[in-house]
Number of protein chains: 2
Amino acid sequence: MVTIKQVAQLAGVSFKTVARVVNKEPGVKPHNVEKVEAAIEKLGYRPNKAASLVRKKQSDIIGFISDEISTTPASVAILKGAQDMAWEQGKTLMVFNLDPKHPNKDRLYEECLQHRSEGIIYGAMYHQSVEFSKLFKTLPTVLVNCVSTQNDFTSIVPDDELAGYYVTKQLLYKGYKRIAFLNLNPDIMAAQHRQKGFLKAMQEYGIPENQWRIDTIEQVIEGRTVNIAGEVAKQVIEEFKPDAVLCGKDLAAIKVYLVIERLGLTVGQDIAVASFDNWHDIPEILEPKLSTMALPYYEMGRLAVSQVLQLIANKNTVYPVTHHKVPCLLFDRASF
Amino acid sequence: MVTIKQVAQLAGVSFKTVARVVNKEPGVKPHNVEKVEAAIEKLGYRPNKAASLVRKKQSDIIGFISDEISTTPASVAILKGAQDMAWEQGKTLMVFNLDPKHPNKDRLYEECLQHRSEGIIYGAMYHQSVEFSKLFKTLPTVLVNCVSTQNDFTSIVPDDELAGYYVTKQLLYKGYKRIAFLNLNPDIMAAQHRQKGFLKAMQEYGIPENQWRIDTIEQVIEGRTVNIAGEVAKQVIEEFKPDAVLCGKDLAAIKVYLVIERLGLTVGQDIAVASFDNWHDIPEILEPKLSTMALPYYEMGRLAVSQVLQLIANKNTVYPVTHHKVPCLLFDRASF
DNA sequence: TTGTAAGCGTTATCAT
DNA sequence: ATGATAACGCTTACAA
């Protein structure tokens with residue numbers, strides 16, 4: 001690899017002058033700038049970031065540790081958001097995936113430390129509560145899509161309660177009166193919060209208990225989550241005869257559509273359907289197009305980076321831990 | 001940050017002894033190993049990868065430049081495969097996303113060069129032909145899910161022709177006689193290759209031309225790809241009355257299912273459906289479960305890393321460029 | 001078995 | 001405006 005000294009030699013100046021040109025420091029004669037730039041071009045010189053990092057203390061690297069996040073299409077957007085923001089701020093994101101077989105957060109954290117990462121973002125696959133070792137206190141650290149069991153890290157999560165509340169209110173506002181909520185696995189936080197929002201809206205509208213019902217579309221059998229949306233939807237629709245179904249995720253909404261079709265009913269006319277995710281092309285592909293609460297993953301990714309940069313900037317001052325709930329947006333299409 | 005010298009001082013040995021312990025070089029007295037390890041533990045020392053890189057020439061970093069790949073759920077698996085393989089080989093993947101608004105491959109390549117990346121993987125969103133500047137010749141470079149217009153880079157793509165051939169043969173073998181192929185946008189390579197395979201199978205089975213038909217489910221209007229799978233499927237099924245529909249992607253298969261339902265027919269009984277992708281949960285969620293040709297993204301990611309490592313190892317010897325077509329697997333479920 | 005000295009490609013400091 | 005020299009934290013080579 002070409003070094004600054006070789007450039008200096010070819011340009012016939014000292015290597016410090018080359019450094020000045022490379023780092024755009026002022027005070028180099030235009031004539032020399034030209035010579036240096038020509039030499040750089042000719043030799044194909046690139047500054048060595050590692051060498052630079054050894055001397056100045058800025059690595060401009062942010063570590064991103066993901067609990068399977070990057071294989072979960074729904075939340076790939078977190079990564080993308082983080083990467084975009086990092087790039088805009090002149091930082092490089094170093095992404096590490098947790099091995100699902102041997103999930104060892106600390107090992108990846110060590111990796112980040114060795115690269116002199118300035119801060120860490122930990123992203124989870126779904127809104128949950130995670131336990132962290134004291135190692136995670138080493139660097140400014142922000143959690144996305146999860147909170148720590150001790151609540152002792154800055155965290156960024158979707159505002160699931162508000163989302164549940166909002167979409168339910170919209171349904172009620174539009175005149176639906178018998179709503180079935182086909183919720184996710186009740187063990188996960190998202191499900192709990194959405195349910196809270198759902199109930200709040202019900203209460204606010206004074207809907208009696210026999211006019212709504214909540215079921216779960218996921219069953220955990222031996223640690224594996226099994227989707228039973230189809231069966232549940234069929235049973236609920238036949239027995240309870242709702243005029244609207246609120247579905248825990250778009251993927252399950254596909255099943256609900258299919259079930260409704262099969263019962264000879266029409267989505268949007270006979271039964272309204274609403275959902276959570278706004279996952280990629282799915283809402284647009286369904287007919288009628290699915291109205292769904294978008295999870296703000298991309299924005300959460302961006303916010304994570306801006307938060308971690310803030311923590312880095314205020315490293316020495318003790319800062320109260322903040323928790324951010326990012327609002328979800330309703331994509332109002334044609335299913336209710 | 002703690003340095004090797006501080007550790008040495010606390011342990012009461014020379015910094016070289018600490019280096020030996022850190023790098024697991026043999027020939028240090030057990031007693032001293034203990035002392036050093038205690039000091040490392042106490043001070044929380046981590047070796048500085050940047051400093052090490054400055055001296056030895058190995059960065060152990062592989063650059064991964066992605067053309068929107070990491071936002072495309074279907075091919076997130078490429079990244080995951082690459083990352084897994086890289087990790088297994090003791091390498092770190094540095095991932096960069098192309099900005100869709102200002103896609104500048106060269107700038108990201110520069111970034112990789114500055115980090116002294118040892119090789120580059122360029123991943124595309126879908127199987128296509130891409131043009132590269134001479135800059136890409138700087139480092140050992142492997143293309144995934146695309147080929148270069150000049151065919152001058154090692155490339156890894158799915159064997160779309162074989163996939164099209166194989167799934168068609170399976171359909172024919174199972175006795176279907178009137179097959180409608182609802183293909184992707186004919187401009188993309190995947191569509192062209194699959195069509196070739198489709199036709200080959202047809203010919204092999206001696207199916208007359210009026211017993212099959214090919215339509216496209218994507219229209220490019222002003223540069224934007226519009227999905228018209230629903231309309232096309234409806235028309236084709238009503239007019240052509242196929243006994244099997246081969247669909248360009250799982251997402252479109254959802255629409256095909258819906259259309260078939262609506263016509264009062266049953267997937268798997270009245271009309272078989274086959275597809276390409278095996279995208280995440282979709283095939284499992286449909287009823288009957290969708291039989292689909294899985295695109296081998298994960299494997300392609302792994303292969304990309306192993307290929308680039310091979311190129312790096314044989315850097316000095318001139319090597320003929322190789323093109324890898326990775327076979328696709330049929331996930332045989334219940335839709336045909 | 002352990003330590004010393006030089007060197008990697010930068011940046012920082014200070015002198016010219 | 002330019003350059004010499006030291007320093008960063010590590011690895012390499014060699015000496016003790």
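Below, chain A is the first sequence line, B the second, and so on; all start at residue 1.
- For B/Val54, taking side-chain heavy atoms from C-beta onward, the closest of the listed nucleotides D/dT11, D/dG3, D/dG9 is D/dG9.
- Using a distance-only test at 3.5 Å, with no hydrogens or angles considered, a donor-acceptor pair links the side chain of A/Asn145 to the main chain of A/Ala124.
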Inset, instruction - Assess whether side-chain hydrogen bond (donor to acceptor under 3.5 Å, both in side chains) is satisfied between A/Tyr109 and A/Ser133, documenting all intermediate values. - result: CA-CA 10 Å; A/Tyr109 204 99; A/Ser133 72; over 6 Å; no
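- Between the base of C/dG9 and the side chain of A/Arg46 there is no donor-acceptor pair shorter than 3.5 Å.
- One atom, CZ of B/Phe15, and another, P of D/dT11, lie 10 Å apart when rounded to the nearest Å.
- We find that CD1 of A/Ile4 is positioned 9 Å from C1' of C/dT11, with the value rounded to whole Å.
- Dashed line: the shortest gap from a side-chain N or O of A/Asn32 to OP1 or OP2 of D/dA1 is not under 4.0 Å.
- Surrounding NZ of B/Lys137 are more than 12 heavy atoms belonging to other residues, nucleotides or ligands, all under 6.0 Å away.
- Atom CD in B/Gln58 sits roughly 18 Å away from atom P in C/dC8 (whole-Å rounding).
- Phosphate proximity of C/dG3 to B/Ser14: present, with a side-chain N or O under 4.0 Å from OP1 or OP2.
- Atom P of nucleotide D/dA4 and atom CZ of A/Arg20 are separated by 11 Å, given to the nearest angstrom.
- Taking 3.5 Å as the limit, the base of D/dA7 and the side chain of A/Arg55 contain a donor-acceptor pair of atoms between them.
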Inset, instruction - Evaluate ring pair (Phe, Tyr, Trp, His ring centres under 6.0 Å) for B/Tyr122 paired with B/Phe153, printing each intermediate quantity in order. - result: CA-CA 10 Å; B/Tyr122 179 90; B/Phe153 289 99; 9.4 Å; no
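- Dashed line: the shortest gap from a side-chain N or O of A/Thr17 to OP1 or OP2 of D/dG3 is under 4.0 Å.
- Residue A/Val13 is the one, among A/Val13 and B/Lys56, whose nearest nucleotide of DNA chain D lies closer to the 5' end (criterion: closest heavy atom).
- The side chain of B/Val28 approaches C/dT2 more closely than any other nucleotide in the set D/dG9, C/dT10, C/dT2.
- Distance, A/Lys5 NZ to D/dA4 P: 11 Å, rounded to whole Å.
- Residue order along DNA chain C, read from the 5' end via each residue's closest nucleotide, puts A/Thr3 first among A/Glu25 and A/Thr3.
- When atom types are taken as modelled, the side chain of B/Asn23 and the backbone of B/Glu25 share no donor-acceptor pair closer than 3.5 angstrom.
- Atom-to-atom, NZ of B/Lys57 to P of D/dT11 comes out at 14 Å; the value is rounded to the nearest Å.
- With rounding to whole Å, A/Asn48 atom CG is found 13 Å from D/dC8 atom C1'.
- Across the protein-nucleic acid pair, B/Lys16 atom NZ and D/dT11 atom C1' stand 6 Å apart, rounded to whole Å.
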